[in-house]
Amino acid sequence: MTGKPLVALKASDPKMARLIETTEPIDTKAWRRARPLGDPFSVLVYSIIGQQISGYAARAIAGRLTERFGGRMPSPAQLLALDPSDLKSVGLSQRKLEYLRSLAEHIISGELQVEHLDTLSDDEVRAQITSSRGLGRWTADMFLLINLERPDVLPIGDLGIRSAVQRLYRLDHLPTPREVDAIGEKWRPNRSLASLYLWASTRQAPKPAPPAKAAKAAKALATRRPARRTTKRRAAD
């Protein structure tokens, strides 16, 4: 990604600028396509299914659930009408079953207005999503980042983000969400882009040095004089 947001982000923090320079460029559209997309209810259902299990297991459970509805996620009313034993049979725990039913109930009651989330502010979206059992700040932040494509979201509770911030600032401890929030203030209004680079920095190897620098380093190594060997005189018997 290029353009003003990237330039502004690099200018906001020298440490972030160095991280960006040593990380492969990020295609934000490709990043989003690799995440669960769709109607808001389906995305939030998938978020609940995926809690504390592997991506493979989450996809398997979601697949079994959608098979019951012709290859798509059920609507809130359809989910509530489904017998709890049927939901358990696809691999859902009792707690996740309760979370899914709470989500459906919040939508039907109008407390969670999923069709109008795109008209709300970031904090209003967070408040609505977290009003449902089992949906916390992290889920709300990921929804804002991926589905609503909001530009200034920093998932302060995400372990990957916290670990990346620890490395970036060479902290002697894993920063708390509050500490990450304070550090990230300088990245406004491009904290979403900062988040993507922080995540990428935990997965990518550093970019290779430019050819000119690499050649210069090789030449210096080749011309370096070998260390003089010293031998110890053997002691007399």
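Heads up: numbering here begins at 1 and tracks the sequence.
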Show your working on side-chain hydrogen bond (donor to acceptor under 3.5 Å, both in side chains) between Asp39 and Ser42 and close with a plain yes or no.
CA-CA 6 Å; Asp39 68 273; Ser42 296; 2.6 Å; yes
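- The two residues Leu148 and Leu117 have their closest heavy-atom pair at CD1-O, 3.9 Å.
- Clustering ILVMFWY residues whenever any of their side-chain heavy atoms sit less than 4.5 angstrom apart, transitively, puts Ile53 in the very cluster that holds Leu97.
- Side-chain contact between Ile20 and Ile26 is absent, with no heavy atoms from C-beta onward closer than 4.5 Å.
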Derivation and outcome, side-chain hydrogen bond (donor to acceptor under 3.5 Å, both in side chains), residues Gln94 and Lys88
CA-CA 7 Å; Gln94 177 63 33; Lys88 285 186 178 180; 2.8 Å; yes
For Ser102 and Glu105, run side-chain hydrogen bond (donor to acceptor under 3.5 Å, both in side chains): C-alpha distance rounded to whole Å, both residues' side-chain angles, the deciding distance at 0.1 Å, then the answer.
CA-CA 5 Å; Ser102 173; Glu105 288 166 355; 5.2 Å; no
Stepwise side chain to side chain contact (heavy atoms under 4.5 Å, CB included) check, Ile161 with Ser195
CA-CA 7 Å; Ile161 293 289; Ser195 298; 4.0 Å; yes
Show your working on side-chain hydrogen bond (donor to acceptor under 3.5 Å, both in side chains) between Asp83 and Ser85 and close with a plain yes or no.
CA-CA 5 Å; Asp83 189 279; Ser85 61; 2.4 Å; yes
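- Annotation for Gln52: atom CD does not count as buried by contact number, only 12 or fewer foreign heavy atoms lying within 6.0 Å.
- Between the side chain of Ser47 and the main chain of Val43, a donor-acceptor pair closer than 3.5 Å is present.
- Using bins of under 30°, 30° to 60° and over 60° for the plane-to-plane angle, the ring pair Trp187/Tyr169 lands in the tilted bin.
- Within the 4.5 Å cutoff, the side chain of Trp31 has no heavy atoms near those of the Asp27 side chain.
- Under a 3.5 Å cut-off, the side chain of Arg32 and the backbone N or O of Leu145 do form a donor-acceptor pair.
- Leu159 and Trp199 are members of different hydrophobic clusters when ILVMFWY side chains are connected at heavy-atom separations under 4.5 Å.
- With rounding to the nearest 0.5 Å, the separation of NZ in Lys96 from CD1 in Ile48 is 9.5 Å.
- Look at Arg191 and Asp181 and you find a salt bridge, because one of the NZ, NE, NH1 or NH2 atoms lies within 4.0 Å of a carboxylate O, short of that distance.
- Although no hydrogens or angles enter the test, the distance criterion places no donor-acceptor pair under 3.5 Å between the side chain of Thr202 and the main chain of Gly160.
- Residues Arg72 and Thr66 are not in side-chain contact: their nearest non-hydrogen atoms beyond the backbone lie 4.5 Å or more apart.
- The line from CG of Leu44 to CD1 of Ile49 is 11.0 Å long, rounded to the nearest 0.5 Å.
- Taking the side chain as every heavy atom from C-beta outward, Asn147 and Pro40 never approach each other to under 4.5 Å.
- Follow the hydrophobic side-chain contacts under 4.5 Å out from Leu80 and you never reach Leu112; the two are in separate clusters.
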Using a 3.5 Å cut-off and no angle test, enumerate the donor-acceptor pairs between side-chain atoms of residues 134-144 and protein atoms at least two apart in sequence or in another chain.
residue: Arg137; atom: NE; partner: Asp141; partner atom: OD1; Å: 3.1
residue: Arg137; atom: NE; partner: Asp141; partner atom: OD2; Å: 2.7
residue: Trp138; atom: NE1; partner: Asp158; partner atom: OD1; Å: 2.8
residue: Asp141; atom: OD1; partner: Arg126; partner atom: NE; Å: 2.6
residue: Asp141; atom: OD1; partner: Arg126; partner atom: NH2; Å: 3.1

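- Pro155 approaches Val153 most closely through the heavy-atom pair CD-O, 3.8 Å.
- Partners of Ser54 by side-chain contact (heavy atoms from CB on, under 4.5 Å), not counting sequence neighbours, listed by chain and number: Tyr56, Ala57.
- In this structure, OH on Tyr99 lies 10.0 Å from OG on Ser132, to the nearest 0.5 angstrom.
- Met73 contributes atom CE, which lies 13.0 Å from atom CZ of Arg68 (distance to the nearest 0.5 angstrom).
- Between the side chain of Ser131 and the backbone N or O of Gln128 there is at least one donor-acceptor pair closer than 3.5 Å.
- Of all the heavy atoms in Phe41 and Pro76, the pair that sits closest is CE2-N, 3.6 Å.
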Tell me, with the steps shown, if Leu168 and Ile183 meet side chain to side chain contact (heavy atoms under 4.5 Å, CB included).
CA-CA 11 Å; Leu168 181 62; Ile183 289 171; over 6 Å; no
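- Distance check: Asn190 CG to Met16 CE gives 10.5 Å after rounding to the nearest 0.5 Å.
- Panel note: side chain Gln78, backbone Ser75; a donor-acceptor pair is recorded below 3.5 Å.
- Using a 4.5 Å heavy-atom threshold, the side chains of Leu19 and Lys15 count as separate.
- Looking at Glu179 and Arg162, no side-chain N of the basic residue comes within less than 4.0 Å of a carboxylate O on the acidic one, giving no salt bridge.
- Cluster membership for Leu174 and Leu198, using ILVMFWY side-chain heavy atoms within less than 4.5 angstrom, is not shared.
- Summarising the geometry of Gly91 relative to Ile61, their closest heavy-atom pair is O-CD1, 3.5 Å, with the distance given to 0.1 Å.
- Looking at Ser192, its side chain does come within 3.5 Å of a backbone N or O of Arg150 through a donor-acceptor pair.
- Surrounding CZ of Arg95 are at most 12 heavy atoms belonging to other residues, nucleotides or ligands under 6.0 Å away.
- Looking only at distances, no side-chain donor or acceptor of Glu21 sits under 3.5 Å from a matching main-chain atom of Arg18.
- One finds the CG atom of Leu154 at 9.0 Å from the CZ atom of Arg188 (value rounded to the nearest 0.5 Å).
- Between Leu103 and Leu79 the shortest side-chain heavy-atom distance does not fall below 4.5 Å.
- At distances below 3.5 Å, not a single donor-acceptor pair connects side-chain atoms of Thr23 with backbone N or O atoms of Ser201.
- Each of Ile108 and Phe69 belongs to its own hydrophobic cluster when Ile, Leu, Val, Met, Phe, Trp and Tyr are linked at side-chain heavy-atom distances under 4.5 angstrom.
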